[in-house]
Protein chains: 2
Amino acid sequence: MTTTPAPDPAVQDPVQHPVQHPVRDEDFLRLDQQICFSLNAASRAFGGVYRVVLKDLGLTYPQYLVMLVLWEHGELPVKKVGEHLRLDSGTLSPLLKRLETAGLVRRERSARDERSVVVGLTDEGTALREQALRVPRRIAAATTFELDEILELRARLDKLTNALDAAALDETPGCGA
Amino acid sequence: MTTTPAPDPAVQDPVQHPVQHPVRDEDFLRLDQQICFSLNAASRAFGGVYRVVLKDLGLTYPQYLVMLVLWEHGELPVKKVGEHLRLDSGTLSPLLKRLETAGLVRRERSARDERSVVVGLTDEGTALREQALRVPRRIAAATTFELDEILELRARLDKLTNALDAAALDETPGCGA
DNA sequence: CACAGTTAAGTTGTGCACAACTAAATGACG
DNA sequence: CGTCATTTAGTTGTGCACAACTTAACTGTG
């Protein structure tokens with residue numbers, strides 16, 4: 001039930017695919033075969049832990065990510081924040097507005113380029129970093145993983161993300177023209 | 001820049017933590033040190049690929065997951081669907097209503113237990129499975145991972161999810177009483 | 001300078017996740 | 001039998017992700 005390698009060479013449906021793979025499409029369609037589901041589940045399980053841990057800071061997880069970027073890089077235009085987090089303005093604009101309302105962040109139009117809005121930390125936002133320092137260890141403890149195990153998993157996930165991004169580009173209709 | 005084990009024993013802030021770990025909190029707070037971010041990124045990258053692949057079927061990814069459960073198990077009460085997918089009625093009720101509107105599922109109150117609503121496939125919903133059979137392979141191809149690599153990653157992720165769920169339980173305030 | 005093309009934020013609309021709540025049905029127990 | 005706790009769906013409200021669009025500012029070229 002947990003691994004199920006099932007390299008069954010007997011293909012049931014020779015019509016659509018003239019054999020070539022040792023695994024049937026039917027097997028692949030099982031929920032517990034979908035890597036994406038495991039990924040999704042893990043991501044949401046993380047969400048639950050972060051929700052608890054970040055409640056003290058008054059942050060959601062995406063807000064915490066934005067704060068991480070600002071603590072690490074200081075002032076940044078919205079565009080740059082989005083590049084670090086793979087988020088666009090459609091997500092960031094309302095999120096940053098909420099952080100501004102919370103008094104953690106300040107937003108002002110760049111003088112050099114009036115299109116750009118520079119996001120910076122308020123004193124309160126800077127101060128919050130002290131409390132945030134304790135977060136990663138609590139999260140790491142919740143995983144029960146050793147550090148090297150975490151590093152390896154992260155490497156695999158990053159490799160996966162790169163592959164998927166590349167695939168999304170040439171799967172997108174209107175890119176072969 | 002990529003791994004940074006940094007087992008630096010020189011702790012900068014001896015006040016809060018009387019040493020004990022070889023890694024400083026500061027290091028852990030870097031964005032590229034957060035597994036959760038890699039996980040989140042991978043999950044969203046998958047989302048992008050699924051969005052493209054599932055467009056032909058007229059399904060979103062969560063809707064696809066519900067269909068997977070129904071194709072595999074047939075009729076199920078909403079509660080059971082939620083158990084398979086770790087989703088509650090707050091998410092499923094509107095989602096199932098959309099699938100019903102799309103003509104893929106049918107919902108009816110159970111006669112035996114009037115609280116329960118049984119979700120089943122329409123003929124159209126059953127027929128859609130044929131097209132869905134091609135999906136997993138396209139996704140697997142997009143990952144560029146070998147099957148055994150996928151299996152191993154999935155095993156790690158499931159282990160992680162279990163650990164996080166367990167941690168969420170005893171982190172939740174009001175469980176030690 | 002004029003103007004087409006590009007870029008940065010923001011807005012709108014849809015859908016998902018989840019907490020908190022409501023309503024209705026069921027089950028257990030005195 | 002009546003009452004109360006539990007179970008099951010559904011609703012409401014908040015926040016995130018993303019596509020599609022708008023607006024304003026910049027850039028390059030003739």
Side-chain angles (χ1 to χ4, degrees), chain A residues 36-37 40-52 54-55 58-66 76-83 85-102 107-119 165 168 172-174, chain B residues 36-37 40-52 54-55 58-66 76-83 85-102 107-119 165 168 172-174:
Chain A
C36 185
F37 178 66
N40 199 5
S43 185
R44 278 157 50 209
F46 255 124
V49 175
Y50 269 107
R51 208 183 324 283
V52 175
L54 291 177
K55 198 187 313 188
L59 294 174
T60 65
Y61 176 64
Q63 289 167 6
Y64 171 71
L65 290 182
V66 169
L76 283 179
V78 173
K79 185 72 195 300
K80 288 288 179 188
V81 176
E83 283 172 8
L85 301 176
R86 314 170 138 260
L87 292 173
D88 64 6
S89 67
T91 301
L92 285 175
S93 288
L95 189 156
L96 290 169
K97 209 175 289 183
R98 283 187 284 272
L99 285 180
E100 189 178 38
T101 303
R107 294 186 305 153
E108 45 196 40
R109 287 271 158 199
S110 167
R112 283 223 328 281
D113 186 343
E114 287 282 337
R115 290 171 304 182
S116 177
V117 168
V118 174
V119 184
D165 282 347
T172 303
Chain B
C36 184
F37 178 67
N40 199 5
S43 184
R44 279 158 49 209
F46 255 124
V49 175
Y50 270 107
R51 207 183 324 282
V52 174
L54 291 178
K55 197 185 317 186
L59 294 175
T60 66
Y61 175 64
Q63 289 167 6
Y64 171 70
L65 290 182
V66 169
L76 283 178
V78 174
K79 185 73 195 302
K80 289 289 180 189
V81 176
E83 283 172 8
L85 300 177
R86 312 169 139 262
L87 293 172
D88 64 6
S89 67
T91 300
L92 285 176
S93 287
L95 190 156
L96 289 169
K97 208 175 289 181
R98 282 187 284 270
L99 285 180
E100 189 178 37
T101 303
R107 294 185 306 153
E108 45 197 39
R109 287 271 159 198
S110 166
R112 282 222 329 280
D113 185 343
E114 287 282 339
R115 291 171 302 182
S116 178
V117 168
V118 174
V119 184
D165 282 347
T172 304

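Quick note on labels: first sequence line is chain A, next is B, and so on, each numbered from 1.
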Rounding to a whole Å, what distance do you find between [X]:[atom1] and [N]:[atom2]?
X         : N       : atom1 : atom2 : value
Arg109(B) : dT26(C) : CZ    : P     : 10 Å
Leu87(A)  : dC18(D) : CG    : P     : 7 Å
Asp113(A) : dA24(D) : CG    : P     : 16 Å
Arg51(B)  : dA17(D) : CZ    : C1'   : 8 Å
Gln63(A)  : dT14(D) : CD    : P     : 14 Å
Phe37(B)  : dA17(D) : CZ    : C1'   : 14 Å
Leu95(A)  : dA9(C)  : CG    : P     : 15 Å
Leu99(A)  : dG15(D) : CG    : P     : 11 Å

If you compare every side-chain N and O of [X] against the phosphate oxygens of [N] (OP1, OP2), does one of them come in below 4.0 Å?
X         : N       : result
Ser116(B) : dT7(D)  : no
Arg112(A) : dA8(C)  : no
Arg86(A)  : dC18(D) : no
Lys97(A)  : dG10(C) : no

*Look up atom CG in Leu99(B) and atom OG1 in Thr60(B), then write down how far apart they are to the nearest 0.5 Å.*
7.5 Å
Please tell me which of the listed nucleotides, [options], lies nearest to the side chain of [X]?
X         : options                   : value
Ser93(A)  : dG10(C), dG10(D), dC26(D) : dG10(C)
Val78(A)  : dA25(D), dC18(D), dA9(C)  : dA9(C)
Val117(A) : dA9(C), dA19(C), dG10(D)  : dA9(C)
Thr91(B)  : dA17(C), dA9(D), dA25(C)  : dA17(C)
Pro62(B)  : dA17(C), dT8(D), dT11(D)  : dA17(C)

*asked:* If I compare all heavy atoms of Arg44(A) with all of Leu85(B), which pair ends up nearest, and what's the gap?
replied: NH2-O, 3.2 Å
*Locate the shortest heavy-atom distance separating Arg109(A) from Glu114(A); write the atom from each residue and the value.*
NH1-O, 3.0 Å
*Under-3.5 Å donor-acceptor pair between Ser89(B) side chain and dG10(D) base*: yes
*Select from Gly90(A) and Arg115(B) the residue whose nearest nucleotide in DNA chain D is closer to the 5' end of that strand.*
Arg115(B)
*asked:* If you assign Asn40(B) and Pro94(B) each to the DNA chain D nucleotide with the nearest heavy atom, which residue ends up on the more 5' nucleotide?
replied: Pro94(B)
*Assign Lys80(A) to base, sugar-phosphate, or nothing according to its heavy-atom contacts below 4.0 angstrom with the strands shown.*
nothing
*Would you mind classifying the nucleic acid contact of Leu92(B) as base, sugar-phosphate or nothing, using non-hydrogen atoms under 4.0 angstrom?*
nothing
*Electrostatic pair Asp165(A):Arg86(A) at N-O distance under 4.0 angstrom*: yes
_Under a 4.0 Å threshold between the charged nitrogen and the carboxylate oxygen, would Glu83(A) count as salt-bridged to Lys80(A)?_
yes
*Would you check if the side chain of Asn40(A) reaches a backbone N or O of Ser43(A) as a donor-acceptor pair within less than 3.5 Å?*
no
